[in-house]
Amino acid sequence: MDLKVKGLVKHDGVWYSPGGVIKDIKPDDAKRLIDSGIAEVAAEPVEQQYQAAEKAAKGKGSKKADEDGG
């Protein structure tokens with residue numbers, strides 16, 4: 001399970017900024033953070049989010065080249 005943090009969180013010795021994602025968190029730790037309102041379940045796995053962002057960035061570059069006549 002991946003969690004998206006809503007504030008500054010230290011988990012297992014690592015600091016996470018708001019919007020950061022804690023990957024593969026243990027269910028007990030996830031429940032504690034969610035119940036306290038500090039985090040929420042990430043909508044989709046982080047790897048998929050990364051791939052989507054990478055694809056979008058590549059798409060924007062190609063579109064810009066087309067607009068510039070390239």
Fill in the blank from the handout: Between Asp2 and Lys23 the two heavy atoms that sit nearest each other are OD1-CA, 3.3 Å

Handout entry: Over all atoms of both residues, closest heavy-atom pair of Pro18 and Lys6
Key = CB-O, 3.7 Å

Problem - Linked, directly or transitively: Tyr16 and Val41 (ILVMFWY side chains, under 4.5 Å) - result: yes

Exercise for the section: Treating Ile, Leu, Val, Met, Phe, Trp and Tyr as nodes and any side-chain heavy-atom pair under 4.5 angstrom as an edge, say whether Val14 and Ile38 lie in one connected cluster. Expected result: yes

Handout entry: Crowding at NZ, Lys26 (>12 non-hydrogen neighbours, <6.0 Å)
Key = no

With the side chain counted from C-beta on, respond yes when [X] and [Y] share a heavy-atom pair under 4.5 Å apart, and no when they do not.
X     : Y     : result
Trp15 : Val9  : no
Leu3  : Asp29 : no
Ile34 : Glu40 : no

Problem - Residue that, paired with Leu33, satisfies side chain to side chain contact (heavy atoms under 4.5 Å, CB included) out of Ile22, Asp28, Val5 - result: Ile22

Practice task
Any chance you could measure Arg32, atom CZ, to Ile25, atom CD1, to the nearest 0.5 Å?
Solution key: 7.0 Å

